[in-house]
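The next block holds one structure in the form of structure tokens; read it before the comments.
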There are 2 protein chains.
Amino acid sequence: MPDKITIALDAMGGDHGAEVVVPAALDFLKRDAEVDLILVGNEEVIRQHLGGADNPRLRIHHASQEVAMDELPSKALRGKKDSSMRVAIDLVKQGEANACVSAGNTGALMATARFVLKMLPNVDRPAIATAIPSIEGHTWVLDLGANVDCTAEHLFQFAVMGSELVASIDDEIPEPCIGLLNIGQEEIKGNEQVKGAHDLLSGSSLNYIGYVEGDDVYKGGVDVVVADGFVGNIALKSAEGVAKMVSHFLRTGFKQNILTKLAALFAMPVINSFRKKIDPRRYNGASLLGLRGIVIKSHGGADVLAFENAISIAKKAVHTNVPERIAHGVEAQLEKRASA
Amino acid sequence: MPDKITIALDAMGGDHGAEVVVPAALDFLKRDAEVDLILVGNEEVIRQHLGGADNPRLRIHHASQEVAMDELPSKALRGKKDSSMRVAIDLVKQGEANACVSAGNTGALMATARFVLKMLPNVDRPAIATAIPSIEGHTWVLDLGANVDCTAEHLFQFAVMGSELVASIDDEIPEPCIGLLNIGQEEIKGNEQVKGAHDLLSGSSLNYIGYVEGDDVYKGGVDVVVADGFVGNIALKSAEGVAKMVSHFLRTGFKQNILTKLAALFAMPVINSFRKKIDPRRYNGASLLGLRGIVIKSHGGADVLAFENAISIAKKAVHTNVPERIAHGVEAQLEKRASA
């Protein structure tokens, strides 16, 4: 753990840019006494949003460009060498920051982070991991979209990375159990990659519990669910879709007439407490794993509270040195496999 | 359309067997004046559940064996030639029934149906399709688990079959628009199969609207969503998981104390109307597409109402001759492609 933690924030990234990132930084510093923050982006814009607010643990690092939310990753990588996103990652590479947080374009963030920071030894691809709510608390899922065609070995590496991440930063889960996302039908069970990953995981020293299905993510009983990015992303988006549908039907249902509006008043405390439990803002901050540095992706539409949560995740990852843990974890698993 | 419609029911299939299938058959006949039903299974057990009830449009066809819910498909296919599932499908093959409905083991039903009925010309693999609720009504999705490793051509065939199925049996959707399930990230968008299917679909005369994401299934705005069985199954199960989580939190929330219990009384009409909208029983009955015959899969845990719904879907599929429409649809698309 470093003496002092410094986190670089891409102040221009996301749907709201500095409008969210600057107040989130100020709020975070109020709650936190250990971390220094660097706001990376257009100095003038940042100063406008600071509105005179000052904090000795906050500084601005000017960057002249911005990566658009719909910009092609390859274009951002080639053409935006002074973007707020790129400079925030550069600061991590140069050791001026211990981690960076961006709400910008996922593809560009992934490509830039990989180019600048490079992969850890024995890790082939970066993966995106986040926690999502479940009946029993929450479940971590990776990969959420960085990799669409994965081999068994890739899935295996995701499992090791997910296990190390969660053991490091999730106080509630010191020894995460790992499940491999699959479908339930016997015999036609699993595609070739999933079957191969199952064999690799069964022979590992990870706390591997076998196959899980899509609904197990939300039931609980498994701490880390591993999937390729195509499947993981679609599972997550489908779940988001259902959550939005439920909330739509409840909202319109309670608005129907005077009686239902009265019912809403009575039901509100229950519905609000439920909303709070699954509040996506409390889960904001996905980790880009497998890199030689800590990069946290905030949701593009994050508000101040959500962005603060992403900064907290970055801080935890610095505290426990997640990249180093992952490097050791992967090495240990490879040694175990070689000696088997 | 045949003069008289006869549907064979696997009376022993599913978690509840004859206990659900027999009353569902009796209820269905009360509501329906056109269809004859055949209860296939252990005659003694069926008679017990009939309890003396009699209907000239209902007959029993004895079958001495049953396929267990966890039985391997290959084992059921080889060893259970007189199972209620097999005999129900045989009746379709022999022309004694126009369709069959089973709540039994999906893998065994798929394997047996494919073996007995054979595939339609130019269709490589059967697919499972069902409607699921959305904000705007419902969305049809296929494949839901029959195929785990699909080529672009398979996905294309699923799209044609889904389009023909929905145009045939869904009165609300005469010209279904088709979306291909994908993830949102640019550049890394889609795996190779999905990209290939996108090209095939773009060149077809289907009402193809391009890529959709997991949440679009529940938003509405697309009638048929095409995916390989691995992805489709995981998307569906994830959504089921979220729905169960929501219902768990609402239930426990409203049970917390005397105030929340009172709130529940007020909120109940709204919550019930919402529950009704997404009631899985109203959506029960998945179509096995691509076969030379009509086979409808009921959910294993279906109750009487849900099983009746599956019988209604079978009836509609007979009415509009779904297999013939699919055969024509596939042929027309292949001709279009050849002439391009």
Side-chain angles (χ1 to χ4, degrees), chain A residues 70 72-74 106-107 133-135 145-149 181 183-188 190-192 194 213-219 227 229-231 233-246 248-250 253-254 256 259-260 262-264 266-267 269-271 273-274 277-278, chain B residues 70 72-74 106-107 133-135 145-149 181 183-188 190-192 194 213-219 227 229-231 233-246 248-250 253-254 256 259-260 262-264 266-267 269-271 273-274 277-278:
Chain A
D70 57 355
L72 286 179
S74 54
T106 310
S134 79
I135 289 180
N147 307 278
V148 292
D149 287 299
L181 196 57
I183 64 176
Q185 271 86 338
E186 278 305 329
E187 244 168 304
I188 53 169
N191 52 30
E192 289 311 312
V194 167
E213 292 194 56
D215 51 344
D216 292 314
V217 173
Y218 301 93
K219 250 186 225 162
F230 192 80
V231 171
N233 185 287
I234 284 172
L236 187 71
K237 281 280 172 79
S238 301
E240 280 177 17
V242 172
K244 276 183 206 155
M245 180 177 72
V246 168
H248 169 88
F249 283 139
L250 287 179
F254 279 119
Q256 235 160 6
L259 279 177
T260 57
L262 185 68
F266 281 88
V270 171
I271 289 173
S273 115
F274 153 66
K277 266 201 189 95
I278 63 162
Chain B
D70 57 354
L72 286 179
S74 54
T106 309
S134 77
I135 288 181
N147 307 278
V148 292
D149 287 299
L181 196 56
I183 64 175
Q185 271 86 339
E186 278 306 330
E187 243 168 304
I188 53 168
N191 52 31
E192 289 311 314
V194 168
E213 293 193 56
D215 50 344
D216 291 314
V217 173
Y218 301 91
K219 252 186 225 162
F230 191 81
V231 172
N233 184 287
I234 284 173
L236 188 72
K237 282 281 172 79
S238 301
E240 279 176 21
V242 173
K244 277 182 206 155
M245 179 176 73
V246 168
H248 168 89
F249 283 139
L250 287 179
F254 279 119
Q256 236 161 5
L259 280 177
T260 58
L262 185 68
F266 282 88
V270 171
I271 288 172
S273 115
F274 153 67
K277 266 203 191 93
I278 63 162

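Keep in mind the model is a prediction, meaning the values are calculated, not measured.
For Asp216(A), the salt bridge (Lys or Arg N to Asp or Glu O under 4.0 Å) partners at least two apart in sequence or on another chain are Lys219(A). Annotation: side-chain hydrogen bond (donor to acceptor under 3.5 Å, both in side chains) contacts of Thr260(A) (sequence neighbours excluded): Asn257(A).
Of all the listed residues (Leu181(A), Ile271(A), Leu250(A)), the one sharing the greatest number of non-hydrogen pairs under 4.5 Å with chain B is Leu181(A). Counting heavy-atom pairs closer than 4.5 Å to chain B, the top residue among Gly229(A), Ala264(A), Ala267(A) is Ala267(A).
Note: Leu236(B) CG to Ile183(A) CD1 = 11.5 Å, rounded to the nearest 0.5 Å. The distance from atom CZ of Phe254(A) to atom CZ of Phe274(B), rounded to the nearest 0.5 Å, is 10.0 Å. Within the model, atoms OG of Ser238(B) and NZ of Lys237(A) stand 13.5 Å from one another, a figure rounded to the nearest 0.5 Å. The OG atom of Ser134(B) lies 9.5 Å from the NE2 atom of His248(A); values are rounded to the nearest 0.5 Å. Atoms CG and CG, on Asp149(B) and Asn191(A) in that order, are 5.0 Å from each other to the nearest 0.5 Å.
Ile135(B) and Lys244(A) get closest at one heavy-atom pair: CD1-O, 4.4 Å. Across all their heavy atoms, Lys277(B) and Phe249(A) have their closest contact at CD-CE2, 3.3 Å. Across all non-hydrogen atoms, the minimal contact from Ala235(B) to Ile234(A) is CB-CG2, 3.8 Å.
At a 4.5 Å heavy-atom cutoff, the contact between Val242(B) and chain A is made by backbone and side-chain atoms alike. Contacts between Ile278(B) and chain A at a heavy-atom distance below 4.5 Å involve the side chain alone, from C-beta outward. Contacts of Leu259(A) with chain B are absent, with no heavy-atom separation under 4.5 Å from either backbone or side chain. Heavy-atom distances place both the backbone and the side chain of Glu192(A) under 4.5 Å from chain B. Both the backbone and the side chain of Val246(A) come within contact range of chain B, with heavy atoms under 4.5 Å apart.
Using cut-offs of 30° and 60° for the angle between ring planes, the Phe266(B) and Phe266(A) rings count as parallel.
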